[in-house]
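Just the heavy atoms: all of them, side chains too, but no hydrogens, waters or symmetry mates, feed the values below. Everything numeric here is computed off the predicted structure, so don't read it as measured data. Remember, it's 1-based here, ligands and their atoms both numbered in the order they're listed.
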Amino acid sequence: MITIAIAKGRMQEGALSLLARAGIRLSDEAVNSRRLALMDETGQYRFIFAKPADVPVYVEHGIADCGVVGRDVLLESQADLLLPLDLGIARCRIVVAAADAQAMTKVQGMIRVATKYSQIASAHFGARGIPVEIIQLSGSVELAPALGLADMIVDLVETGVTLRENGLTVVEEIAESTGRLAVNRASYQLKSYEVGRLVKALEAVV
Ligand code: PRP
(Lines give C-alpha, C1' and ligand atoms only; values in the text may rest on other atoms or scores of the structure.)
Protein backbone atom coordinates (compact mmCIF):
# COMPACT_ATOMS: atom_id res chain seq x y z
CA MET A 1 0.00 0.00 0.00
CA ILE A 2 1.20 3.50 -0.67
CA THR A 3 0.00 6.76 0.81
CA ILE A 4 -0.67 9.78 -1.40
CA ALA A 5 -1.09 13.24 0.13
CA ILE A 6 -3.39 15.49 -1.89
CA ALA A 7 -3.32 19.27 -1.53
CA LYS A 8 -6.80 20.46 -0.63
CA GLY A 9 -8.30 23.36 -2.55
CA ARG A 10 -7.53 24.23 -6.16
CA MET A 11 -5.57 21.01 -6.73
CA GLN A 12 -8.00 18.49 -5.26
CA GLU A 13 -10.62 18.11 -7.98
CA GLY A 14 -8.09 17.88 -10.82
CA ALA A 15 -5.95 15.43 -8.85
CA LEU A 16 -8.87 13.11 -8.09
CA SER A 17 -10.15 13.15 -11.65
CA LEU A 18 -6.65 12.44 -13.01
CA LEU A 19 -6.22 9.58 -10.55
CA ALA A 20 -9.65 8.20 -11.51
CA ARG A 21 -8.64 8.22 -15.17
CA ALA A 22 -5.51 6.33 -14.13
CA GLY A 23 -7.79 3.70 -12.55
CA ILE A 24 -7.34 4.81 -8.93
CA ARG A 25 -10.75 5.70 -7.56
CA LEU A 26 -12.30 6.80 -4.32
CA SER A 27 -15.93 5.88 -3.73
CA ASP A 28 -18.43 8.76 -3.94
CA GLU A 29 -19.28 8.11 -0.31
CA ALA A 30 -15.62 8.60 0.68
CA VAL A 31 -15.18 11.74 -1.44
CA ASN A 32 -18.33 13.30 0.00
CA SER A 33 -17.36 12.54 3.59
CA ARG A 34 -15.37 14.81 5.88
CA ARG A 35 -12.74 12.13 6.54
CA LEU A 36 -9.20 13.33 5.81
CA ALA A 37 -7.68 9.87 5.33
CA LEU A 38 -9.35 7.48 2.87
CA MET A 39 -8.64 4.21 1.08
CA ASP A 40 -9.20 3.78 -2.65
CA GLU A 41 -11.67 1.18 -3.90
CA THR A 42 -8.97 -1.50 -4.25
CA GLY A 43 -7.34 -0.91 -0.87
CA GLN A 44 -3.94 -0.35 -2.54
CA TYR A 45 -3.80 3.40 -2.04
CA ARG A 46 -4.41 5.49 1.04
CA PHE A 47 -5.16 9.16 0.48
CA ILE A 48 -4.61 11.94 2.94
CA PHE A 49 -5.96 15.42 2.33
CA ALA A 50 -3.81 18.19 3.72
CA LYS A 51 -3.31 21.94 3.47
CA PRO A 52 -1.13 22.56 0.38
CA ALA A 53 1.87 23.81 2.41
CA ASP A 54 1.76 20.66 4.56
CA VAL A 55 1.91 18.21 1.64
CA PRO A 56 5.72 18.55 1.15
CA VAL A 57 6.12 18.09 4.92
CA TYR A 58 4.20 14.78 4.94
CA VAL A 59 6.10 13.54 1.88
CA GLU A 60 9.56 14.62 3.03
CA HIS A 61 9.01 12.88 6.38
CA GLY A 62 7.80 9.72 4.65
CA ILE A 63 4.33 9.82 6.24
CA ALA A 64 3.09 9.99 2.68
CA ASP A 65 5.05 8.21 -0.06
CA CYS A 66 3.78 10.60 -2.71
CA GLY A 67 2.04 13.95 -2.92
CA VAL A 68 0.07 15.94 -5.44
CA VAL A 69 0.84 19.62 -4.94
CA GLY A 70 1.49 22.80 -6.91
CA ARG A 71 4.93 23.86 -8.03
CA ASP A 72 4.32 27.15 -6.19
CA VAL A 73 4.13 25.28 -2.89
CA LEU A 74 7.17 23.14 -3.73
CA LEU A 75 9.28 26.18 -4.63
CA GLU A 76 8.27 27.86 -1.40
CA SER A 77 8.88 24.80 0.80
CA GLN A 78 12.30 23.86 -0.63
CA ALA A 79 11.65 20.31 0.62
CA ASP A 80 14.03 17.60 -0.62
CA LEU A 81 11.66 15.53 -2.80
CA LEU A 82 11.74 13.73 -6.13
CA LEU A 83 9.49 15.28 -8.77
CA PRO A 84 9.01 12.67 -11.48
CA LEU A 85 5.89 14.06 -13.16
CA ASP A 86 4.25 17.34 -14.15
CA LEU A 87 0.53 16.54 -13.94
CA GLY A 88 -0.46 19.65 -15.89
CA ILE A 89 -3.41 20.39 -13.57
CA ALA A 90 -4.33 23.65 -11.78
CA ARG A 91 -2.17 25.71 -14.13
CA CYS A 92 -1.44 29.19 -12.85
CA ARG A 93 1.34 31.79 -12.62
CA ILE A 94 3.28 33.23 -9.72
CA VAL A 95 3.50 36.97 -10.36
CA VAL A 96 4.45 40.31 -8.93
CA ALA A 97 1.39 42.57 -9.03
CA ALA A 98 0.72 46.18 -8.11
CA ALA A 99 -1.87 48.89 -8.67
CA ASP A 100 0.41 50.58 -11.22
CA ALA A 101 2.17 48.63 -13.99
CA GLN A 102 5.18 50.97 -13.59
CA ALA A 103 5.34 50.45 -9.82
CA MET A 104 8.80 48.90 -9.96
CA THR A 105 10.35 52.18 -11.08
CA LYS A 106 7.99 54.48 -9.19
CA VAL A 107 8.21 53.25 -5.60
CA GLN A 108 10.42 55.52 -3.48
CA GLY A 109 12.70 53.76 -1.01
CA MET A 110 12.45 50.14 0.02
CA ILE A 111 9.69 48.23 -1.83
CA ARG A 112 7.22 46.55 0.54
CA VAL A 113 6.01 43.20 -0.80
CA ALA A 114 3.10 41.34 0.79
CA THR A 115 2.92 37.62 0.09
CA LYS A 116 2.36 34.15 1.42
CA TYR A 117 5.38 33.11 -0.73
CA SER A 118 8.17 34.81 1.19
CA GLN A 119 10.91 32.44 -0.04
CA ILE A 120 9.93 32.83 -3.68
CA ALA A 121 9.59 36.61 -3.32
CA SER A 122 12.96 36.99 -1.53
CA ALA A 123 14.71 34.83 -4.14
CA HIS A 124 13.10 36.73 -7.02
CA PHE A 125 14.01 40.22 -5.84
CA GLY A 126 17.32 39.07 -4.31
CA ALA A 127 18.49 37.62 -7.65
CA ARG A 128 17.92 41.03 -9.23
CA GLY A 129 19.61 42.94 -6.44
CA ILE A 130 16.42 44.77 -5.48
CA PRO A 131 16.13 45.23 -1.71
CA VAL A 132 12.59 44.57 -0.48
CA GLU A 133 10.76 44.29 2.80
CA ILE A 134 8.73 41.08 2.78
CA ILE A 135 5.43 41.22 4.66
CA GLN A 136 4.23 37.68 5.33
CA LEU A 137 0.47 37.11 5.02
CA SER A 138 -1.55 33.88 4.98
CA GLY A 139 -4.01 34.70 2.20
CA SER A 140 -6.15 37.40 0.56
CA VAL A 141 -2.91 39.28 -0.12
CA GLU A 142 -4.63 41.36 -2.82
CA LEU A 143 -5.97 43.49 0.03
CA ALA A 144 -2.51 44.71 1.04
CA PRO A 145 -1.77 47.36 -1.65
CA ALA A 146 -5.24 48.94 -1.47
CA LEU A 147 -5.02 49.21 2.30
CA GLY A 148 -1.49 50.64 2.24
CA LEU A 149 0.22 47.65 3.84
CA ALA A 150 2.42 46.99 0.80
CA ASP A 151 3.46 48.46 -2.56
CA MET A 152 3.25 45.13 -4.36
CA ILE A 153 2.27 41.53 -3.88
CA VAL A 154 3.71 38.22 -4.99
CA ASP A 155 0.83 35.82 -5.52
CA LEU A 156 -0.81 33.22 -7.71
CA VAL A 157 -2.89 34.22 -10.72
CA GLU A 158 -5.16 31.75 -12.41
CA THR A 159 -7.96 33.58 -14.23
CA GLY A 160 -6.78 37.07 -13.23
CA VAL A 161 -10.21 37.94 -11.81
CA THR A 162 -9.01 38.45 -8.22
CA LEU A 163 -6.27 40.86 -9.36
CA ARG A 164 -8.64 42.78 -11.62
CA GLU A 165 -11.42 43.07 -9.06
CA ASN A 166 -8.93 44.45 -6.54
CA GLY A 167 -7.44 47.02 -8.90
CA LEU A 168 -4.12 45.24 -9.43
CA THR A 169 -2.16 44.41 -12.54
CA VAL A 170 0.70 42.01 -13.29
CA VAL A 171 4.07 43.77 -13.10
CA GLU A 172 6.33 40.75 -13.62
CA GLU A 173 5.92 37.02 -14.02
CA ILE A 174 8.08 34.89 -11.74
CA ALA A 175 7.18 31.31 -12.70
CA GLU A 176 4.49 29.00 -14.04
CA SER A 177 2.95 26.54 -11.66
CA THR A 178 1.11 23.26 -12.24
CA GLY A 179 0.34 20.31 -10.05
CA ARG A 180 3.29 17.95 -9.62
CA LEU A 181 3.69 14.42 -8.38
CA ALA A 182 6.21 14.55 -5.52
CA VAL A 183 7.80 11.37 -4.18
CA ASN A 184 9.66 10.66 -0.94
CA ARG A 185 13.28 9.69 -1.70
CA ALA A 186 13.22 6.52 0.43
CA SER A 187 9.83 5.39 -0.92
CA TYR A 188 11.17 5.79 -4.45
CA GLN A 189 13.79 3.13 -3.62
CA LEU A 190 11.97 0.91 -1.12
CA LYS A 191 8.59 0.90 -2.85
CA SER A 192 9.94 1.18 -6.37
CA TYR A 193 7.36 -1.23 -7.81
CA GLU A 194 4.34 0.53 -6.31
CA VAL A 195 5.64 4.05 -6.97
CA GLY A 196 6.71 3.10 -10.50
CA ARG A 197 3.25 1.68 -11.20
CA LEU A 198 1.62 4.91 -9.99
CA VAL A 199 3.95 7.08 -12.07
CA LYS A 200 3.28 4.98 -15.20
CA ALA A 201 -0.48 5.01 -14.65
CA LEU A 202 -0.49 8.80 -14.26
CA GLU A 203 1.93 9.34 -17.15
CA ALA A 204 -0.53 7.54 -19.42
CA VAL A 205 -3.35 9.99 -18.66
CA VAL A 206 -1.52 13.32 -18.27
C1 PRP B 1 -5.37 32.28 -4.97
C2 PRP B 1 -4.52 33.50 -5.12
C3 PRP B 1 -5.50 34.52 -5.58
C4 PRP B 1 -6.49 33.72 -6.40
C5 PRP B 1 -6.18 33.89 -7.85
O6 PRP B 1 -5.98 32.31 -3.76
O7 PRP B 1 -3.91 33.82 -3.90
O8 PRP B 1 -6.12 35.14 -4.49
O9 PRP B 1 -6.32 32.36 -6.02
O10 PRP B 1 -7.16 33.28 -8.66
P11 PRP B 1 -7.76 34.03 -9.91
O12 PRP B 1 -6.64 34.59 -10.73
O13 PRP B 1 -8.48 32.92 -10.67
O14 PRP B 1 -8.71 35.08 -9.44
P15 PRP B 1 -6.44 31.02 -3.02
O16 PRP B 1 -7.76 30.57 -3.57
O17 PRP B 1 -5.36 29.99 -3.08
O18 PRP B 1 -6.69 31.55 -1.55
P19 PRP B 1 -5.90 32.60 -0.65
O20 PRP B 1 -6.68 33.86 -0.70
O21 PRP B 1 -5.93 31.97 0.70
O22 PRP B 1 -4.51 32.79 -1.15
task: Output the distance between atom OG (Ser118) and atom CD (Gln136), rounded to the nearest 0.5 Å.
output: 4.0 Å
field: Linked, directly or transitively: Val55 and Phe49 (ILVMFWY side chains, under 4.5 Å)
entry: no
task: Keeping to residues at least two apart or across chains, list the side-chain hydrogen bond (donor to acceptor under 3.5 Å, both in side chains) pairs with something in residues 197-206.
output: Gln44-Arg197
- prompt: side chain to side chain donor-acceptor pair (under 3.5 Å) with Lys191: which of Thr3, Asn184, Asp65?
  reply: Asp65
message: Tell me which residues fall inside the under-4.0 Å heavy-atom shell around ligand 1.
response: Arg10, Lys116, Gly139, Ser140, Glu142, Asp155, Leu156, Val157, Glu158, Thr159, Gly160, Val161, Thr162
- request: Measure the acute angle between the ring planes of Tyr45 and Phe47, then classify it against the limits of 30° and 60° as parallel, tilted or perpendicular.
  value: tilted
- prompt: Thinking salt bridges, do Glu142 and Arg164 make one under a 4.0 Å N-O criterion?
  reply: no
